[in-house]
Amino acid sequence: MTHKAETPLLSITGLNKWFGAYHALRDVDLQVAKGERIVVCGPSGSGKSTLIRCINRIERFEEGRIVLDGLGSAARGRAGQREIEEIRRQVGMVFQHFNLFPHMTVLQNCILAPMRSLRETRATAEAHARELLARVRIADQADKYPGQLSGGQQQRVAIARALCMRPRLMLFDEPTSALDPEMVQEVLDTMVALAEDGMTMICVTHEMGFARQVADRVVFMDRGQILEVAPPADFFDSPRHERSREFLGRILAH
Amino acid sequence: MSRYLAATETDARPAPDRRRTLRQILIEDFFYGPGAILCTLLLCALLAIAAWKLLDWALLDAVFGPTETLDASQACRAEDTEGACWAVIGDKLRLILFGLYPYDLQWRPGLACVLMIALYALSVQRALWRPALAGIWVVFLVAVLILMRGGIAGLEPVGDDQWGGLPVTLILSTFGLGLAFPVAIALALARQQRRFPMLQAASVGVIEFARAVPLVVVLFMASVMLPLFLPADWQVSKLLRVLIAFTLFGAAYLAEVIRGGLQAIPPGQYEAASALSLTYAQSMRDVILPQALRIVIPGIVNIFIGFFKATAIVVVVGIFDLMTAAKRAVADPLWQGFGIEVYLFAGLIYFVFCFSLSRFSARLERDLARDRAS
Ligand SMILES: Nc1ncnc2c1ncn2[C@@H]1O[C@H](COP(=O)(O)OP(=O)(O)O)[C@@H](O)[C@H]1O
Ligand SMILES: [Mg+2]
């Protein structure tokens, strides 16, 4: 395993979460080092989204700790509002359905949070946003509205928007699942470039090519539990857990 | 199945012309069978008769003013006059429009009406749908108040017991809506949130109370009961009390419409705002409300139309609005018996305002539907 630092950037211990009576996350432990790239996979409904949504506190949890570099160390997700905001400033998130703000242009989408939350001036925020839009190769669309862009372009804007907050950790929740097949690659390329720049990333995805190319570790979840953690080559070529094998058998069948 | 390979590529062609000639429309929609022919002819005949009678009464036989031998009132009462007496409108126009406002100063309520109409015209411009619109409203409404009340800028003071007619109707609906709007947003947000249950309960209480009690009752309570609760030396004029009742009433209905808009925003928008570390207030102001309000603008316009017409009910508590002014005009012995003409005229004013608003609302719904489709 390629742990790149002694103290992890993100440390999840004994995480448990219920939706009403349903036990959605069960005793989840995961340490993520700075610069590490994690791919999370598993069957639908296994708790992957719930796990990464707990990390930036979009979802509350009942037991355990999720500590981001000292932040959020109080037990049971009872971080105060200020602390939650600080965590969210440091963690960027990209959603399956982009969730761009449709009433704002691409540029406005990108500068809103830096201006409000980081208190950047408009000039600083705009300059930074244009730089990042250029990096996701979409600089010429800055003044368009999200509805005028293709799915792949929208998702790249969403990535740029998250990066505008200068996050230390990026979360991706199936960023290519809602895309037409011909647009998947442009988004994956953007994510690969981000990984090569050293960003710490946790990606929920079933794109095996991407996982093999950039992941340090693959985390396999089923029924709210982490069942296997392994480097991508080991995981895809010789899965150990019985349900990992079943799962890979199913997604490789076609 | 055997293999297929396209041998040629088809170029795009223009769509076939689907327009119909007048002849085709008539045959296909109006005269397509015995029943349809009968129906069309019958309705055309009825329409023609009604139109002729109306034209006769309203124009051909109508009296518009004095003749060589008779003054206007006498002309209307003459034996051979069977048409409408529009002369009464000309004679009572100022009373109907401006009530008992000092005659020489009536340019002020006139200008106030123009300002409020201009405000509507500005508010329906989609390019102006941004927070700055609230500022425009404040400026216009303050200007209207100054014009009506006077007392500063060298304008002679005029108490609101002397206001009357169209400006009062416009003031009740415009100020009522303008004040109700921020209250409604607060009520809708309070009802939607989960963090402060007391606040939520209070909001539900206010909304459900105002919606469950008829407006007339709220008006009587405001004009009779409100003074009992206020300190004796607080002079709150009747117009202001009625305005407060309207505001409360309008806010409750608006709040429910706005809440519908809030619920129509996908959860992903709230999540994205949170994930970007926006606070509750920031995500509401910048992300959620701009979208939610845009969705419910047709609903808001509909409430405003209802609101505008509902102001006529203040007759019962003795506020001098357009409707009361019409009643007063007919009370003049000189013109007794010509109520139909006066009420038709007042109705026409209501119609012009409400119909323009409803046309605007229809156009808007079409535009919004097109935006969503694209
Ligand atoms: N808001 C919610 N309320 C109730 N149950 C939920 C909610 N969100 C997710 N779940 C349930 O929790 C389980 C895990 O969901 P999720 O994390 O979305 O799975 P995945 O992302 O792996 O497909 C599923 O069984 C799902 O039905
Ligand atoms: Mg999911």
Find the one option among [options] whose heavy-atom pairs under 4.5 Å with chain B are most numerous.
{"options": "A/Met93, A/Gln96, A/Arg89", "value": "A/Arg89"}
{"options": "A/Arg161, A/Glu86, A/Gln90", "value": "A/Arg161"}
{"options": "A/Pro114, A/Gly92, A/Pro102", "value": "A/Pro102"}

Determine whether B/Leu276 and A/Arg88 make a side-chain contact, defined as any pair of heavy atoms from C-beta on separated by less than 4.5 Å.
no
Any B/Glu271 side-chain heavy atom under 4.5 Å of A/His97 side chain:
no
Measure the [atom1]-[atom2] distance between [X] and [Y] for me, rounded to the nearest 0.5 Å.
{"X": "A/Glu85", "Y": "B/Gln282", "atom1": "CD", "atom2": "CD", "answer": "7.5 Å"}
{"X": "A/Glu59", "Y": "B/Ser274", "atom1": "CD", "atom2": "OG", "answer": "11.0 Å"}
{"X": "B/Ile265", "Y": "A/Phe101", "atom1": "CD1", "atom2": "CZ", "answer": "11.5 Å"}
{"X": "A/Leu118", "Y": "B/Ser277", "atom1": "CG", "atom2": "OG", "answer": "7.5 Å"}

Keeping the roles fixed (side chain from [X], backbone from [Y]), state whether a donor-acceptor pair exists under 3.5 Å.
{"X": "A/Ser117", "Y": "B/Leu278", "value": "no"}
{"X": "A/Asn99", "Y": "B/Gly268", "value": "yes"}
{"X": "A/His103", "Y": "B/Asp286", "value": "yes"}
{"X": "B/Gln269", "Y": "A/Leu100", "value": "yes"}

Would you mind checking which part of A/Val94 comes under 4.5 Å of any heavy atom in chain B, side chain (CB onward), backbone (N, CA, C, O), both or neither?
neither
Tell me, for A/Arg53 versus chain B, whether the close heavy atoms (under 4.5 Å) come from the side chain, the backbone, both or neither.
side chain
Is it the case that more than 12 heavy atoms not belonging to A/Phe19 sit under 6.0 Å from its CZ atom?
yes
